[in-house]
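If you're wondering where the values come from, they're calculated on a predicted model, not measured in any experiment. Numbers restart at 1 for each chain; the letters A, B, ... are given by sequence-line order, proteins then strands. We use all heavy atoms of the structure for the numbers below, so side chains are in, but hydrogens, waters and symmetry mates are not.
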Protein chains: 2
Amino acid sequence: MTTPTLDVFQVIGDPSRRKMLMLLSEDSLTINSLADNFDMSRPAVSKHIKILYNAGFISIQDIGRERYCTLKQDGFKELQHWISYFDKFWTTKLKKLETLLNNKLSN
Amino acid sequence: MTTPTLDVFQVIGDPSRRKMLMLLSEDSLTINSLADNFDMSRPAVSKHIKILYNAGFISIQDIGRERYCTLKQDGFKELQHWISYFDKFWTTKLKKLETLLNNKLSN
DNA sequence: ATAATAAGTAACTTTAAGGTTACATAAAAG
DNA sequence: CTTTTATGTAACCTTAAAGTTACTTATTAT
């Protein structure tokens, strides 16, 4: 199962991985306890975890034979940055419309 | 070219579509003028536009035989909502750590 | 009317993501 | 030390996204 290197956008494109992030937002979980929440095989979950890890969405602490997954901010920051670019776009667009309207009214 | 119905996360998972959104954040563009910015064929661009449209990222105004694409907020809002959930996660996590630390110090 | 331009549609191909099963490894428990 | 449990890895299969070319439709220009 060759793990592809995906960018943060592709990573959250998969519904299963989004669900994993949601679950981990409630609690740190081991691979197996995460897998309990999915229909897919455990190796499949394992692969998703690797992808989330590589993209900086989670960190992993090995405790004995178990691996605890915890949310990590790095991956999210890239997304926030992208979104905030468009946030700015909308607010400046709104301002431009306001200015335009004001000019119209004062004619 | 059957157009798949993709959710907003899958939609921005594609680098070409993200580039299209970036280009449209500078100006409204026709399909052809958009296509000039890409290596792929015009029908391929056309398909991406349809996907962006279906997911609420752009609106389209037909002017004669041309179609002008303009950014639309709907698609972005879903993303913002998802991101903001995790934003909250991080801030509350920080608060919890602060409280914990304060309690430790006052012992 | 005819040619050129803008764009959509149909049919098809390729590729890689996402899944599977089978096997390997390492830690904990009996 | 043998067994069970937690996980990783390898080899493989399936499917759908993303691209292609060829053709159609509709508007504009000559």
Which pairs count as salt bridge (charged side-chain N to carboxylate O under 4.0 Å, His left out) when at least one residue sits in residues 58-70 of chain B, sequence neighbours excluded? B/Asp62-B/Arg67

The side chain to side chain contact (heavy atoms under 4.5 Å, CB included) partners of B/Asn32 (sequence neighbours excluded) come to B/Thr30, B/Arg42

Give a yes/no answer on whether the side chain of A/His48 brings an N or O atom under 4.0 Å of OP1 or OP2 in C/dA17. no

Look at the side chain of A/Ile31 and decide which nucleotide, out of C/dG18, D/dT20, D/dG8, has an atom nearest to it. D/dG8

In chain order, what residues pass the side chain to side chain contact (heavy atoms under 4.5 Å, CB included) check against A/Asp74, with sequence neighbours excluded? A/Lys72

Looking only at side-chain N and O atoms, does A/Ser41 come under 4.0 Å of OP1 or OP2 in C/dT20? yes

Residues that A/Arg17 engages under salt bridge (Lys or Arg N to Asp or Glu O under 4.0 Å), provided they are two or more places apart: none

Within residues 15-23 of chain B: residues closer than 4.0 Å to DNA chain C (heavy atoms): none

Is any N or O donor-acceptor pair between the side chain of B/Arg67 and the base of C/dG8 shorter than 3.5 Å? no

Roughly, in whole Å, what's the span from OH in A/Tyr53 to C1' in D/dG8? 14 Å

Count the heavy atoms belonging to other residues, nucleotides or ligands that lie under 6.0 Å from CZ of A/Phe38, then report whether that count exceeds 12. yes

Can you confirm whether B/Tyr53 is buried at OH, in the sense that more than 12 heavy atoms of other residues, nucleotides or ligands lie under 6.0 Å from that atom? no

Nearest nucleotide by nearest heavy atom, which residue falls closer to the 5' end of DNA chain C, B/Thr30 or A/Gln10? B/Thr30

Taking CG from A/Asp7 and P from C/dA17, how many angstroms apart are they, rounded to a whole number? 11 Å

Across all chains, not counting sequence neighbours, the salt bridge (Lys or Arg N to Asp or Glu O under 4.0 Å) partners of B/Arg18 are A/Asp7

Nucleotide D/dA18, atom P - distance to CZ of B/Phe38 in whole Å: 13 Å

Nearest whole Å is fine: how far is D/dA6 C1' from A/Tyr68 OH? 11 Å

Is it the case that the base of D/dA17 and the side chain of B/Lys47 share a donor-acceptor contact (distance under 3.5 Å, atom types as modelled)? no

Across all chains, not counting sequence neighbours, the salt bridge (Lys or Arg N to Asp or Glu O under 4.0 Å) partners of B/Asp39 are none

Protein-nucleotide distance (A/Leu29, atom CG; D/dT7, atom C1'), rounded to Å: 15 Å

Nearest of D/dT9, D/dA18, D/dA6 to any side-chain atom of A/Lys50? D/dT9

Going by the rule ring pair (Phe, Tyr, Trp, His ring centres under 6.0 Å), which residues pair with A/Phe86 if we only count those two or more places apart in sequence or in a different chain? A/Trp82, B/Phe76

Side chain to side chain contact (heavy atoms under 4.5 Å, CB included) filter on B/Gln61, not counting sequence neighbours, yields B/Ser59, B/Thr70

Would you kindly give the CD1-to-P distance between B/Ile49 and C/dG8, to the nearest whole Å? 9 Å

Side chain of B/Asn37, backbone of B/Leu34: donor and acceptor closer than 3.5 Å? yes

Nucleotide N/O to protein N/O under 3.5 Å, stretch nucleotides 13-16 of chain D:
none

Of all the nucleotides listed (C/dG19, D/dG19, C/dA7), which has the minimum atom distance to the side chain of B/Met40? D/dG19

Starting from P on C/dG18, measure out to CZ on B/Phe9 and report it in whole angstrom. 15 Å

Just the table, please: protein N/O against nucleotides 1-5 of chain C N/O, every pair under 3.5 Å.
from  : atom 1 : to      : atom 2 : distance (Å)
C/dT5 : O2     : B/Arg65 : NH1    : 2.9

Starting at CG of A/Asp62 and ending at P of C/dA27, how long is that distance when rounded to a whole Å? 10 Å

Please list, chain by chain and in numerical order, all residues satisfying side chain to side chain contact (heavy atoms under 4.5 Å, CB included) with B/Asp36, sequence neighbours excluded. none

Are any of A/Ser46's side-chain N or O atoms less than 4.0 Å away from OP1 or OP2 of D/dG8? yes

